[in-house]
Amino acid sequence: MSKEINKIKELLKIYPQDVVLMISLAEAYFDNKDYQKAVDTSREILQINPDYSVAYRILGRALVKTEELTDAIKTYKKGIVVAGKNGDLQVAKEMKVFLGRLEKN
């Protein structure tokens, strides 16, 4: 496990439901190719805050890597709606690109 992941986990012991720390952990898992942990962490974030659009983006990407393509498509579609409501236009745009790539295949 990387030093970055350990550091984030230590901070999460102090702030267990800090979604910013949790998204950092999900992204660190993704970067370390531990896609299932990225999926699990992203889903946990969405249980805490279902309006956190960045979590949909990382969840969708991780689901693609775990070959759960149907769930990835659903995640991106929901995430695009959430991001639009939040005014997170860049996140919505990125998910639209990822979704378009999936739907082509």
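Since the structure is predicted, the reported quantities are computational estimates derived from the model, not experimental observations. Index from 1, following the sequence.
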| Which atom names give the shortest non-hydrogen contact between I23 and A55, and what distance separates them? | CD1-CA, 3.6 Å
| task | State the CG-CD1 distance between L102 and I73, to the nearest 0.5 angstrom. | result | 5.0 Å
| field | Distance in Å, S2 OG paired with I8 CD1, rounded so as to fall on 0.5 Å steps | value | 7.0 Å
| task | Tell me, yes or no, whether the heavy-atom count around E103 atom CD, taken from other residues, nucleotides or ligands under 6.0 Å, exceeds 12. | result | yes
| remark: Interatomic distance, CD1@I80 vs NZ@K93, rounded to 0.5 Å, equals 13.0 Å
| Passes side chain to side chain contact (heavy atoms under 4.5 Å, CB included), L69 versus L63? Steps please. | CA-CA 7 Å; L69 303 182; L63 286 167; over 6 Å; no
| note | Residues at least two apart in sequence or cross-chain that pass side-chain hydrogen bond (donor to acceptor under 3.5 Å, both in side chains) with Q90, listed by chain then number, are E94
| Which pairs count as salt bridge (Lys or Arg N to Asp or Glu O under 4.0 Å) when at least one residue sits in residues 40-56, sequence neighbours excluded? | R43-D71
| query | Checking side chain to side chain contact (heavy atoms under 4.5 Å, CB included) for the pair E68/Q36: CA distance, chi angles, key distance, verdict? | reply | CA-CA 11 Å; E68 299 172 70; Q36 189 57 54; 4.0 Å; yes
| said: Quick check: is Y52 connected to L89 through a chain of hydrophobic side chains (ILVMFWY, heavy atoms under 4.5 Å apart)? | reply: no
| Does one hydrophobic cluster hold both Y15 and L25, with members joined at side-chain heavy-atom distances below 4.5 Å? | yes
| L21 CG to T41 OG1 distance, which is reported to the nearest 0.5 Å | 12.0 Å
| query | Between atom CG of D18 and atom CG of N49, what is the distance when rounded to the nearest 0.5 Å? | reply | 11.0 Å
| said: Please check this pair: side chain of Y56 against backbone of K77, looking for a donor-acceptor N/O pair closer than 3.5 Å. | reply: no
| query | Hey, what do you get for OG (S42) to CZ (R57), rounding to the nearest 0.5 Å? | reply | 10.0 Å
| Salt bridge E10-K7, side-chain N to carboxylate O under 4.0 Å | no
| note | Between M95 and A83 the two heavy atoms that sit nearest each other are CE-CB, 4.0 Å
| request: Please examine the side chains of N32 and I5, heavy atoms only from C-beta on, and report whether any two atoms are closer than 4.5 Å. | output: yes
| query | Are the side chains of E27 and V54 in touch, meaning some heavy atoms are under 4.5 Å apart? | reply | yes
| message | For residues V20 and L59: do they belong to one hydrophobic cluster (side chain heavy atoms under 4.5 Å, members Ile, Leu, Val, Met, Phe, Trp, Tyr)? | response | yes
| task | Dump the intermediate steps for side chain to side chain contact (heavy atoms under 4.5 Å, CB included) on M22 and I48, then the final yes or no. | result | CA-CA 10 Å; M22 293 175 77; I48 295 167; 3.6 Å; yes
| query | Relative to the ring of Y35, is the ring of F30 parallel (under 30°), tilted (30 to 60°) or perpendicular (over 60°)? | reply | perpendicular
| task | Please report the shortest heavy-atom distance between Y29 and K9, naming the atom on each side. | result | OH-CE, 3.0 Å
| task | Please report the closest heavy-atom contact between G60 and T75, naming both atoms and the distance. | result | N-CG2, 3.8 Å
